[in-house]
2 protein chains.
Amino acid sequence: MSNQSKPVYLKLRDMIAAAIIDGQYREGEMLPSVRALAAEQGANPLTVAKAYQQFQNDGLVEVQRGVGMYVAKGASATLREREREAFLKEEWPEIRTRMDRLGIAPADLLADA
Amino acid sequence: MSNQSKPVYLKLRDMIAAAIIDGQYREGEMLPSVRALAAEQGANPLTVAKAYQQFQNDGLVEVQRGVGMYVAKGASATLREREREAFLKEEWPEIRTRMDRLGIAPADLLADA
DNA sequence: TATAGTGCATCAGTGCCATAATACAGCGCG
DNA sequence: CGCGCTGTATTATGGCACTGATGCACTATA
């Protein structure tokens with residue numbers, strides 16, 4: 001669902017967010033340059049820049065023009081908390097509604113590992 | 001999440017599908033006309049027609065030109081089963097991955113209703 | 001100063017979405 | 001038949017999001 005016709009810059013944004021939360025990009029470390037990530041992902045540098053843009057606005061990455069972008073202090077925890085809130089408040093209720101409609105019991109899916 | 005910047009014709013398609021599954025539109029019953037639903041939802045008749053189109057192709061609604069569109073026999077069960085499969089195979093794994101990343105325990109979700 | 005690496009701004013192209021205005025085709029009913 | 005209701009086809013238009021190519025501004029380093 002999240003990997004089909006979704007805009008590239010949103011996919012990249014999710015990838016980056018996941019990497020920061022998981023500590024793949026650690027705080028204080030430099031993120032891959034726009035051009036480097038573009039080449040690696042087969043995307044356009046501008047598209048990558050657009051994905052980074054959102055994190056800049058939220059102060060989760062700090063930009064040093066001419067140098068690169070760095071993961072801000074506390075970015076990982078902030079991101080995780082923010083996404084956690086959003087999931088519980090906005091996504092889960094809808095998911096729950098759909099599951100009820102489709103006759104899927106939440107307990108069945110949450111029971112395993 | 002499913003109700004924001006999504007194309008109108010897809011929102012309508014989901015609404016109709018939900019109504020059929022829930023039995024709000026019962027099998028053999030006539031669906032709201034293209035023009036009627038358009039007026040009710042403040043959309044364009046062509047956009048509504050586009051939403052209905054998908055169900056025609058799948059044989060879930062039967063068209064009687066000049067009369068109206070009727071919910072096909074077994075449409076409700078077919079729809080529910082189809083969406084159920086899609087949910088379990090495509091959506092749930094991703095949801096589960098996100099939950100793990102965000103540190104959401106199953107107990108957090110089952111607490112309420 | 002020269003060079004190469006950063007991010008950023010501008011302009012343009014493309015495609016999807018939604019709408020509008022008509023016109024056409026099939027059915028039911030008085 | 002005439003009228004009113006159905007769905008459908010056609011064409012045109014405006015808006016918006018996404019993507020892309022190019023060039024500029026800034027910084028570190030030699």
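By convention in this document, chain letters (A, B, ...) are assigned in the order of the sequence lines, proteins followed by strands, and residues within each chain are numbered from 1.
In this structure, B:L46 and B:V34 have side chains that are not in contact, with every pair of non-hydrogen atoms separated by 4.5 Å or more. Considering only heavy atoms from C-beta on, B:E83 stays 4.5 Å or farther from A:R101 through its side chain. For the pair A:V61 and A:Y52, the minimum side-chain heavy-atom distance is 4.5 Å or more. When side chains are defined from C-beta on, A:V48 does not count as touching A:Q41, because their heavy atoms never get closer than 4.5 Å. Two residues are said to be in side-chain contact when any heavy atoms from C-beta on lie closer than 4.5 Å; B:I20 and B:L60 fail this criterion.
Sorted by first and then second residue, the salt bridge (Lys or Arg N to Asp or Glu O under 4.0 Å) pairs with a member in residues 39-66 of chain A read A:D58-A:R82; sequence neighbours excluded.
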How does each nucleotide of nucleotides 10-17 of chain D score, in 5' to 3' order, for protein heavy atoms under 4.0 Å: base (B), sugar-phosphate only (S), or none (-)? B-------
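For the residue pair A:G59 and A:A72, the shortest heavy atom distance occurs at O-CB, 3.5 Å.
Residues passing the side-chain hydrogen bond (donor to acceptor under 3.5 Å, both in side chains) test with A:R80: none are found, sequence neighbours excluded.
Using a 4.0 Å cut-off on heavy atoms, the residues of residues 28-45 of chain B that approach DNA chain D are B:S33, B:V34, B:R35, listed by number. Listed in residue order, the members of residues 51-69 of chain B having a heavy atom less than 4.0 Å from DNA chain C are B:R65, B:G66, B:V67.
A salt bridge is defined here as a Lys NZ or Arg NE, NH1 or NH2 lying under 4.0 Å from an Asp or Glu carboxylate O, and B:R98 with A:E91 meets this definition.
Neither OP1 nor OP2 of C:dC17 sits under 4.0 Å from any side-chain N or O of B:T47.
Its side chain within the 4.5 Å cluster rule, B:Y9 clusters with B:L10 among the Ile, Leu, Val, Met, Phe, Trp and Tyr residues.
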